[in-house]
Amino acid sequence: MKDYNEAFNDVPGTVIFDATQSRLGFHLNQFCMSLMKEENREAFKADEKAYLQKHPMTDEQRDAVIARDFNRMIALGGNIYFLAKIGATDGHSFQKLASLMTGVPEEEYRDMMLAGGRSPEGNRSKSENR
Amino acid sequence: MKDYNEAFNDVPGTVIFDATQSRLGFHLNQFCMSLMKEENREAFKADEKAYLQKHPMTDEQRDAVIARDFNRMIALGGNIYFLAKIGATDGHSFQKLASLMTGVPEEEYRDMMLAGGRSPEGNRSKSENR
Amino acid sequence: MARLTGGIATSHVPAIGVAIDLGKTNEDYWKPLFAGYDFSKKWIKEEKPDVVILVYNDHASAFSLELIPTFAIGCAESFQPADEGWGHRKVPVVEGHPELAWHIAQSTILDEFDMTIINKMDVDHGLTVPLSLMFGEPEKWPCKIIPIAVNVVQYPPPTGNRCYNLGKAIRKAVESFDADLNVQIWGTGGMSHQLQGPRAGLINQEFDNQFLDRIVKDPEGQAKVPHIDYVREAGSEGIELVMWLIMRGALDKDVEEVYRFYHVPASNTAVGHLILKNKT
Amino acid sequence: MARLTGGIATSHVPAIGVAIDLGKTNEDYWKPLFAGYDFSKKWIKEEKPDVVILVYNDHASAFSLELIPTFAIGCAESFQPADEGWGHRKVPVVEGHPELAWHIAQSTILDEFDMTIINKMDVDHGLTVPLSLMFGEPEKWPCKIIPIAVNVVQYPPPTGNRCYNLGKAIRKAVESFDADLNVQIWGTGGMSHQLQGPRAGLINQEFDNQFLDRIVKDPEGQAKVPHIDYVREAGSEGIELVMWLIMRGALDKDVEEVYRFYHVPASNTAVGHLILKNKT
Ligand SMILES: [Fe+3]
Ligand SMILES: [Fe+3]
């Protein structure tokens, strides 16, 4: 059990959405779910801060949402499928979000994917890169 | 599987809430669930017919509700735990409902229970009573 | 490591909750029933469990027909008493133990039980009546509760064998949780009763007493009993007794019977109650 | 009796749905991908399944964190396409097969799978994109669909072995259903992809191609692969591939590979597709 969870920590650049993350991110992710309704998307777009105040998140989580800092949201318990509702509300695809999270310009990211994607070499284990 | 379901048909005076009953009674039972909210109980009490019209049940089911014919509701797919919300709305206990379903006056039913309840003898199988 | 020290079985008849809430426990009708729990109240004050894993079934309160989980585990911080049609029971909020609950969820899923994880749920008389019977009417429940809701309303419920094995998997999970906790497991529901139709009021004292013997001494045999036998012998709502097998599966095969109580009737139902303790 | 005649595996990338819905299928980027499904569209027109059991995962559409079923089976009359944040996909309503779905639910629960029964659910791209890939853009889907939603979002998902065995139990259920129906099972999701964090964009063509070989020829071996291997090799969202094992478990051990297609990329994802047919 412990081994099960610890094994994932060795994977670079990856946060596994386990119990710890799920508990941390519960209200952040539930806020994201609320964006599945058109009227809520409108309300959020009209006044992001006011909308976020209605959800019992931490201020850190609210700031990360406003900054559209998806890596930070993930660190604070956000799950990518939930966070994608923010992307959808902004009119952004998963690929746009990926470019934000990897810090690579969108066109460059797209070209990487067309060339076969990010290689697993050096990306399997944190120990590979030491 | 077939045997699993058929075995229950041999039990007298009993309707097992299986797939068939559940499909038949879906909207009747969902109506009962709506009575878990105080405002809905008020609305139902104020105008039963109008309230029932808002739920996509059959007219047969609506009539059985209005008549408080619990055996009929069960035959039409109602489940006792759902139907108990109607009882609760009327201020009736499970024991009152039992007296209605068994056709025994409430005091007599209560006395039967105090004396040890309905005996299983003759009540295990329909074939026992032939 | 956490220790699973004992198990309690008890009926969870809603009328018992009503009797407590309306202050009727001293009436002639109810007195013998509540007297049967006097020992238990003292016993649990000495045992002081930190956490109770409370196996019960929802009675169309949290789960409608839209979604019916076979096994659901409550991982939330807290659970509110449900409004079952006559307002919320005025009992304390049920505080969960999210760390242990999530641990059990993960451990049992990896052991191939297909749990539904719940982070928001109201709990009905199936859960709160056993708490009242064991703890009386405190300001606040004296321990954390992990609800495990089992479907016994929509057919088919899980088999007795599956329930028994889930108990074993829960024990394994508890004993691999890294904290010094005294954990109990309770199995609730039953005993013989039928709430529906012309056969309502069925009580089978012989079956119930054999069940009490067997769940203590031959749980593996009891786990093999098919659903039809419960319905035939113990009434359509007697099927709730399969939940006692989850409690039993979490205990040693050879277990100490600390206490037993049996009483007829509470409203439509035969009331059974056991306290079991692991010898190890 | 109903017959389980074949299985289909396919990725269910949301961008594929968007490309179809916006009429982009002839653009250079998308052309090779859709060409890979030309054979499949013809094949399935000849096969004419009456019912498809469609194994997929919900992506935080029907299930929030309030309630997370490990295995959920859709028994409703119909299922609406979900609004995933950009409005509902304009695809036909998904019509269920309640009789067969309930039969599978009952049969698998009695075989000790702890299914969640669903009677109301919206279905997201995980279910509708495979339909579009196989059937194009009809007025109405040409067959009934039984959704089986698997949790692969909240850890832990079910083990590969559990998925494989659920497939076997589904086959048994289908073959005991008393109606002359041609039933297919589809497993969807994958192949290698990671949507989150600095490692987003990971694609592992070697792993994917080995997986395609192994799921056909050595499913029992593949069923033993632990979750960590999927995450390490195929990216954090590559874990979806465990769902293909449910499809595979429902087929003969020795199966005919009718068709295979593999393409990189669709948005962030490697696309894999198989058509398998039982020889018996
Ligand atoms: Fe009960
Ligand atoms: Fe997916």
Side-chain angles (χ1 to χ4, degrees), chain B residues 4-5 7-8 10-19 21-22 25-27 29-30 32-33 35-38 41 70-71 74-75 78-89 91 93-95 97-104 109-110 112-120 123-125, chain C residues 13-15 18 28-29 57-66 68 82-88 122 124 126 152-157 192-208 226-229 231-239 264-270:
Chain B
Y4 177 88
N5 292 307
F8 295 113
D10 179 50
V11 181
T14 303
V15 177
I16 287 299
F17 192 63
D18 60 6
Q21 292 305 108
S22 190
F26 182 80
H27 291 295
N29 290 314
Q30 292 297 103
C32 293
M33 281 306 274
L35 299 179
M36 289 182 69
K37 285 189 179 146
E38 181 57 30
R41 292 194 286 267
F70 287 91
N71 286 331
I74 289 170
N79 170 280
I80 189 63
Y81 291 120
F82 289 83
L83 301 180
K85 320 291 181 205
I86 302 174
T89 301
S93 66
F94 271 108
Q95 201 162 74
L97 301 190
S99 113
L100 289 171
M101 287 181 286
T102 53
V104 171
Y109 181 87
R110 190 184 152 105
M112 174 183 83
M113 294 313 298
L114 279 168
R118 182 184 307 282
S119 166
N123 280 311
R124 289 187 176 90
S125 163
Chain C
V13 188
V18 176
D28 286 350
Y29 185 92
N57 67 292
D58 180 75
H59 305 76
S61 305
F63 304 120
S64 73
L65 293 180
E66 291 187 359
I68 308 156
D83 180 345
E84 301 180 49
W86 55 83
H88 302 267
D122 288 353
D124 72 10
V152 294
V153 172
Q154 174 68 61
Y155 270 71
S192 59
H193 66 305
Q194 173 144 343
L195 301 177
Q196 59 147 322
R199 196 177 175 242
L202 185 118
I203 298 284
N204 189 339
Q205 306 207 15
E206 200 185 331
F207 174 91
D208 287 343
H227 295 151
I228 179 67
D229 290 17
V231 173
R232 224 188 257 293
E233 295 290 337
S236 51
E237 279 67 45
I239 190 69
V264 174
S267 179
N268 301 284
T269 306

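Every chain is numbered from 1, with letters handed out A, B, ... down the list of sequences. Computed from a prediction, not measured in an experiment: that's the story for all the values here.
Residue Ser192(C): no heavy atom, backbone or side chain, is found under 4.5 Å from chain B. Using a 4.5 Å cut-off between heavy atoms, Glu206(C) makes no contact with chain B at all. With a 4.5 Å cut-off on non-hydrogen atoms, Ala19(B) touches chain C through its backbone but not through its side chain. In this structure, chain B has no heavy atom under 4.5 Å from any part of Phe207(C). For Pro156(C), the parts lying under 4.5 angstrom from a heavy atom of chain B are both the backbone and the side chain. Within the 4.5 angstrom heavy-atom criterion, atoms from both the backbone and the side chain of Gln196(C) approach chain B. Interface remark: Met113(B) contributes backbone and side-chain atoms alike to the contact with chain C (heavy atom separation under 4.5 Å). No part of Phe70(B) comes within reach of chain C, as not one of its non-hydrogen atoms sits under 4.5 angstrom from that chain. For a residue to count as touching a neighbouring chain, one of its non-hydrogen atoms must lie under 4.5 Å from one of that chain's; by this rule Gln30(B) touches chain C with the side chain only.
For the options Glu38(B), Arg110(B), Lys37(B), Gln21(B), heavy-atom pairs under 4.5 Å to chain C are most numerous at Arg110(B). Counting heavy-atom pairs under 4.5 Å between each of Arg41(B), Met112(B), Lys85(B) and chain C puts Arg41(B) at the top. Considering only heavy-atom pairs separated by less than 4.5 Å from chain C, the leading option among Ala84(B), Ala88(B), Gly117(B), Ser119(B) is Ala88(B). Your options are Thr14(B), Asn71(B), Val11(B), and the one with the most heavy-atom pairs under 4.5 Å with chain C is Thr14(B). Here Asn268(C) is the residue among Val264(C), Val231(C), Asn268(C), Asn204(C) with the most heavy-atom pairs under 4.5 Å with chain B. Chain B forms more heavy-atom pairs under 4.5 Å with one residue of Gly87(C), Ser267(C), Pro226(C), Ser236(C) than with any other, namely Ser267(C). Chain B forms the most heavy-atom pairs under 4.5 Å with one residue out of Pro198(C), Ala270(C), Ala266(C), and that residue is Pro198(C). The residue among Leu83(B), Leu35(B), Leu114(B) with the most heavy atom pairs within less than 4.5 Å of chain C is Leu114(B).
Tyr81(B) contributes no side-chain N or O that, together with a main-chain N or O of Ser61(C), makes up a donor-acceptor pair within less than 3.5 Å. Looking at Arg124(B), its side chain never comes within 3.5 Å of a backbone N or O of Arg232(C) through a donor-acceptor pair.
Using a 30° and 60° split on the angle between ring planes, His227(C) and Tyr4(B) fall in the perpendicular class, above 60°.
Nearest heavy-atom pair across Gly197(C) and Thr102(B) is O-CG2, 3.6 Å. The two residues Asn29(B) and Asn79(B) have their closest heavy-atom pair at OD1-N, 3.0 Å. Minimum interatomic distance between Glu233(C) and Leu202(C) (heavy atoms only, all atoms of both residues): O-CD2, 3.7 Å.
For Phe8(B) and Tyr155(C), the gap between ring centers is short of 6.0 Å.
Between Ile80(B) and Glu237(C) there is a side-chain heavy-atom pair separated by less than 4.5 Å. Contact of the Asn57(C) side chain with the Val153(C) side chain is registered, since non-hydrogen atoms from C-beta on lie closer than 4.5 Å. Counting heavy atoms from C-beta on, the side chains of Glu66(C) and Phe26(B) come closer than 4.5 Å. Put simply, the side chain of Thr269(C) does not reach to within 4.5 Å of the side chain of Phe94(B), judged on heavy atoms.
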